[in-house]
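One structure below.
For ligands, and for the atoms within them, numbers begin at 1 and follow the listed sequence. We're numbering straight along the sequence, starting at 1.
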Amino acid sequence: MALPLVAILAMIPRTLPLWQKSLQEAVSRPSELLELLRLPREVLGSTDQARAAADQFHLKVPRRFVDLMEPGNPDDPLLRQVLPVAAETTIAAGYSADPLEETGKDPAPGILHKYQGRVLLVLTGSCGIHCRYCFRRHFPYPERGWNHRDHEAALECLRQDPGIEEVILSGGDPLSVGDEKLADLAQELQAIPHLKRLRIHSRMPVLLPERIDGAFLRWFCEGRLQPVMVVHANHPRELDGEVRSALLRLRQRGVSVLNQAVLLRGVNDRVEDLKELSEGLFEAGALPYYLHLLDRVQGAAHFDVPQEEALQLVARLAACLPGYLVPRLVREIPGAKAKVPLDLASALLAR
Ligand SMILES: *Cc1c(COP(=O)(O)O)cnc(C)c1O
Ligand code: SF4
């Protein structure tokens, strides 16, 4: 007897890893997010403008991240990072679509070589979350994963340049690519003798801690290259128990774990929050690395914390924490040889 197609499909075992399922179930409609948090539509500001903001860069947030938000609080620091609001359509002077002037700078598609000794491989335009302040919000990255053939040219660039010691997998979020493809890529990289370190820049360990599973840890930790993971958490509440244990799993497998955050108005612009963030990271075996001043990307002006205020804030942080828990306050300046650290001296010496 012939079975209907649905019955046959139901018999195929589910092979999708847990994290991919969680990604598929992410919240993508602002109205649903507001409902989940029991918030009125007015939180969005002008309806037309809020819709324009959501059309330009659509809402995407995993459900477990929503679970960490406080219901009924329109100013929740986690909500502010993801909710498309009318303010994004304000045109602000000094803000552009490509503040880092990255467009057209690649030696091969998917490779960015700005700093000596390390290159960034852009594996995908896809992320597990859409952060409203992201400078990549206007980039025409295709929403598809790493494709080996497309990137053969990028690998060839790496093989040809013995000055490169570290490869940084980036995106989008490189961990939105599946482990089979990533493991293949890691093998290719290990075969390049002048490479020493393999670094990943990802928000996934904080968003979906289940992403740090056995399949991932195998290819990332068991190879020849020294593993470094730079995660991205902005607020201490992002570091719940599951996230902390994911970071500890990395640490226990010999990964150096660092965090980069962006200083954001209404999210983490208070000393107490930054202090708690550093302490939470350290409890999970991670160190704060960079605190970025906002990249001046069009649509993000309402997140800006002026440089002078940022300096005061980090100086106060430095006055109450050990040096290793104070992130470096940096700004990206097009053409600079590295991220540019801001000098805390006068803020620290002021009486
Ligand atoms: C930020 C960045 C890096 C990494 O810089 P580090 O200071 O080593 O963390 C590398 N390449 C590019 C293009 C970058 O933007
Ligand atoms: S690249 Fe990073 S900051 Fe930008 S949207 Fe993706 S996860 Fe957020």
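Using a 4.0 Å cut-off between heavy atoms, K339 contacts ligand 1 through its side chain alone, with no backbone atom that close. Residue I168 touches ligand 1 through its side chain alone, judged by heavy-atom distances below 4.0 Å.
Each of the atoms 1 (C), 2 (C), 3 (C), 5 (O), 10 (C), 11 (N), 12 (C), 14 (C) of ligand 1 lies under 4.0 Å from some heavy atom of Y115. Counting the atoms of ligand 1 from 1 in the order shown, those under 4.0 Å from a heavy atom of R118 are 5 (O), 6 (P), 7 (O), 8 (O). Ligand 1 places these atoms under 4.0 Å from at least one heavy atom of Y289: 6 (P), 7 (O), 8 (O), 9 (O). Heavy-atom contacts of Y290 reach the following atoms of ligand 1: 6 (P), 7 (O), 9 (O) (cutoff under 4.0 Å). Ligand 1 places these atoms under 4.0 Å from at least one heavy atom of K114: 13 (C), 15 (O).
Under a 4.0 angstrom heavy-atom cut-off, R199 registers as being in contact with ligand 1.
Contact check for S176 versus M204: side-chain heavy atoms found under the 4.5 Å cut-off.
Between the side chains of D295 and Y95, no donor-acceptor pair of N or O atoms lies under 3.5 Å. Looking at Q312 and Q307, their side chains never bring a donor and an acceptor atom within 3.5 Å of each other. Judged purely by distance below 3.5 Å, without hydrogens or angles, the side chains of E156 and Q160 pair a donor atom with an acceptor atom.
Heavy atoms only, all atoms of each residue included: C131 and R203 are closest at SG-NH1, 3.0 Å.
A salt bridge links R237 to D76: at least one charged side-chain nitrogen sits closer than 4.0 Å to a carboxylate oxygen. In this structure, K21 does not pair ionically with E210, as no charged nitrogen and carboxylate oxygen lie closer than 4.0 Å. Salt bridge status for E35 with R41: absent, with no side-chain N to carboxylate O gap under 4.0 Å. Under a 4.0 Å N-O distance rule, the pair R64/E238 does not qualify as a salt bridge.
Panel detail: atom 8 (Fe) of ligand 2 has protein N, O or S atoms under 2.8 Å away, 1 in number.
For H130 (side chain) and H58 (main-chain N/O), a donor-acceptor pair under 3.5 Å exists by modelled atom type.
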